[in-house]
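Lettering follows sequence order; numbering is per chain, from 1. Treat the numbers as computed from the prediction; the structure is a model and nothing was measured.
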2 protein chains.
Amino acid sequence: MEEILINYLSKYITITDELLLAIKESGFIKNFSKGTVLLSEGDLSNECYFILKGCVRCYYNKDGDEKTTDFYTEEQVVISSSYGKNKPSEHYLECVEDTVASVGSPELEAEMYHRFPQLESLARILGDVMMSKYQDTLAEYKIASPEERYLNLLKDRPDLMQRVPQHQIASYLGIKPESLSRIRKRLLNKQK
Amino acid sequence: MEEILINYLSKYITITDELLLAIKESGFIKNFSKGTVLLSEGDLSNECYFILKGCVRCYYNKDGDEKTTDFYTEEQVVISSSYGKNKPSEHYLECVEDTVASVGSPELEAEMYHRFPQLESLARILGDVMMSKYQDTLAEYKIASPEERYLNLLKDRPDLMQRVPQHQIASYLGIKPESLSRIRKRLLNKQK
DNA sequence: TTAAAACGTTGACTATAGTTAAGAAATGAA
DNA sequence: TTCATTTCTTAACTATAGTCAACGTTTTAA
């Protein structure tokens, strides 16, 4: 399993043997079974995750119903916006499948950055990459209609439709399940 | 003007005299007059900005009309999602006011990180901060209705309403100017 | 295996946003 | 100042999403 992580990291930096060893030894890979709640509203977030296998969902509780804002799958990094900050999380993180992930913490990060300064460069670069992604996602979200967002999602992450219930997808698209149902119907009719 | 930047940086790291000098000497502070286009669709982005005074708008051109996705004002960092990447920008950056900004480039960044490694830590931390902000903004956007988004904007950035035309605000909220007009009217009636 | 719960679709109705067009108000340039 | 342009509002109408309720299907757990 470590190799997936190492493969990913080596896209951005050269992995020395020493670093390779440190990663293998640190053994921070954990298994979580479906339904595990990694973070609850109100909790402090002290862990971040790199998903090796599985799927994690981020959602908010708004007046009793769940608003899904993100799905994280293989090779994605899960960092709560409250991670490492001393403020309670406003959202939940939940495994929607059995999940294997490499788990980090501010302490581990600090130690690793100290031992391997190249990792801090990596973290900066990865942070930039993730930030542009959020930036683009936000822009896309503002620009596109619900129907267009659904089509884009189908194109960009076709696997999600098979992996998570449709009402969570609807919520992720910012609409109600009934509306997604109707959008799908509308598209089927257009197709003909 | 530099002091604003230095003040901002010192929130996150200790500024040594040497670094202070380097910042003052590098003289990368520039003035842009209202209407200046900092980046156009199709261009490569080689500059990032820290706004000392003024306002920059990010927008996309979608079938002939402008979709505003961001406003950057004092003490905010403007980084196109294509900055430093070798791919053409999909959006525009335009000064909506006379603007004074500290201008950075990948080359300058690299040089400064080399001379002052603490700056790379800073960049990582700032990247994290900005990322959480985008994350939260995206979540808010998905959770809230246009009306709620408008109310949140009024609360979070009341100055914007005075600084930019309302149709750009509408676009920023993901709605048409006519709809924003109606929302405002609706809210006035509720208030009574 | 079966009963309960969760999920997806549909229909009728409501609320709100988009579209088009017109005109009033504010802004900017000659 | 004055004219032209941009911006904002309003109205009528259309399209789409939200709400509520019902129902059939699928999944889950006892």
Side-chain angles (χ1 to χ4, degrees), chain A residues 33-37 55 57 59-68 71 92 94-98 141-154 160-192, chain B residues 33-36 55 57 59-68 71 94-98 141-154 160-192:
Chain A
S33 57
K34 179 172 172 175
T36 304
V37 175
C55 181
R57 174 172 76 104
Y59 65 93
Y60 290 67
N61 184 323
K62 198 192 179 193
D63 327 308
D65 63 51
E66 296 180 358
K67 299 280 187 171
T68 298
F71 294 105
Y92 296 80
E94 181 198 44
C95 300
V96 297
E97 292 176 357
D98 289 345
Y141 202 89
K142 287 191 182 176
I143 289 172
S145 67
E147 184 173 317
E148 289 170 316
R149 293 201 292 267
Y150 172 66
L151 291 170
N152 289 341
L153 186 66
L154 275 186
L160 271 190
M161 298 304 295
Q162 320 307 324
R163 299 174 77 165
V164 303
Q166 190 174 304
H167 69 276
Q168 293 179 1
I169 301 273
S171 169
Y172 178 69
L173 294 171
I175 56 177
K176 299 284 157 186
E178 295 91 335
S179 293
L180 179 53
S181 219
R182 280 188 291 241
I183 286 173
R184 284 157 57 85
K185 197 175 173 184
R186 213 154 62 213
L187 290 171
L188 277 174
N189 291 333
K190 278 187 193 167
Q191 218 177 32
K192 288 191 290 200
Chain B
S33 56
K34 179 171 173 176
T36 304
C55 181
R57 175 171 75 105
Y59 66 93
Y60 290 66
N61 184 324
K62 198 193 180 193
D63 326 308
D65 64 49
E66 297 181 357
K67 299 280 188 172
T68 298
F71 294 106
E94 180 199 46
C95 300
V96 297
E97 294 176 356
D98 289 345
Y141 201 90
K142 286 191 183 176
I143 289 172
S145 66
E147 183 172 318
E148 290 169 315
R149 293 201 293 268
Y150 172 65
L151 290 170
N152 289 341
L153 187 66
L154 275 185
L160 270 191
M161 298 303 295
Q162 320 308 325
R163 300 175 76 166
V164 304
Q166 190 173 305
H167 70 274
Q168 292 180 1
I169 300 274
S171 170
Y172 178 69
L173 293 170
I175 56 177
K176 298 282 159 187
E178 296 88 338
S179 293
L180 179 52
S181 221
R182 280 189 293 240
I183 287 173
R184 284 157 57 87
K185 197 177 174 186
R186 213 154 64 214
L187 289 170
L188 277 173
N189 291 333
K190 278 188 192 166
Q191 218 176 31
K192 289 190 287 199

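- Rounded to an integer number of Å, the gap from Arg149(A) CZ to dT16(D) P is 14 Å.
- For Arg186(B), the side-chain atoms get nearest to dT16(C) when compared with the rest of dG18(C), dT16(C), dA17(D).
- A straight line from NZ of Lys176(B) to C1' of dA11(D) spans 18 Å, rounded to a whole angstrom.
- Between Lys142(A) and Thr68(B), the closest heavy-atom pair is CD-O, 4.3 Å.
- A pairwise comparison of heavy atoms in Ile169(A) and Leu153(A) identifies CG2-CD2, 3.7 Å as the closest pair.
- Here the C1' atom of nucleotide dG18(D) and the CD1 atom of Ile143(B) are 17 Å apart, to the nearest Å.
- Of all the heavy atoms in Ile143(A) and Lys67(B), the pair that sits closest is CG1-CB, 3.7 Å.
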Between the protein and nucleotides 24-30 of chain D, which nitrogen or oxygen pairs are less than 3.5 angstrom apart?
none

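- Distance, Ile175(B) CD1 to dT16(C) P: 13 Å, rounded to whole Å.
- Closest approach of Pro177(B) and His167(B) over heavy atoms only: CG-CB, 3.7 Å.
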N/O-N/O pairs, protein side and nucleotides 5-10 of chain D side, under 3.5 Å:
residue	atom	partner	partner atom	Å
dC8(D)	OP1	Gln166(B)	N	2.7
dC8(D)	OP2	Gln166(B)	N	3.1
dC8(D)	OP2	His167(B)	N	2.9
dC8(D)	OP2	His167(B)	ND1	3.2
dT9(D)	OP2	Gln166(B)	NE2	2.5
dT9(D)	OP2	Ser181(B)	OG	2.8
dT9(D)	O5'	Ser181(B)	OG	3.1

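- Judged by distance alone, the side chains of Ser145(B) and Glu148(B) do bring a donor and an acceptor atom under 3.5 Å apart.
- Across all their heavy atoms, Ile175(A) and Pro146(A) have their closest contact at CG2-CB, 3.8 Å.
- For Glu147(A) and dA17(C), the CD to C1' distance is 15 Å, given to the nearest whole Å.
- Each end of the helix from dT1(C)-dA30(D) to dA30(C)-dT1(D) gets its own rotation axis from five pairs of C1' atoms, and the angle between them is 60° to the nearest 10 degrees.
- Atoms NZ and CD1, on Lys185(B) and Ile183(B) in that order, are 13.5 Å from each other to the nearest 0.5 Å.
- No donor-acceptor contact under 3.5 angstrom links the side chains of Tyr172(A) and Arg57(A), judged on distance only.
- Shown here are the side chain to side chain donor-acceptor pair (under 3.5 Å) partners of Lys34(A), two or more places apart in sequence or in another chain: there are none.
- Counting only residues at least two apart or on different chains, the salt bridge (charged side-chain N to carboxylate O under 4.0 Å, His left out) pairs with a member in residues 162-171 of chain A are Glu74(A)-Arg163(A), Glu97(A)-Arg163(A), Asp159(A)-Arg163(A).
- Rounded to whole Å, the distance from CG on Leu173(B) to P on dG18(C) is 11 Å.
- For Tyr141(B), the ring-ring contact (aromatic ring centres under 6.0 Å, His included) test picks out Tyr141(A), with sequence neighbours left out.
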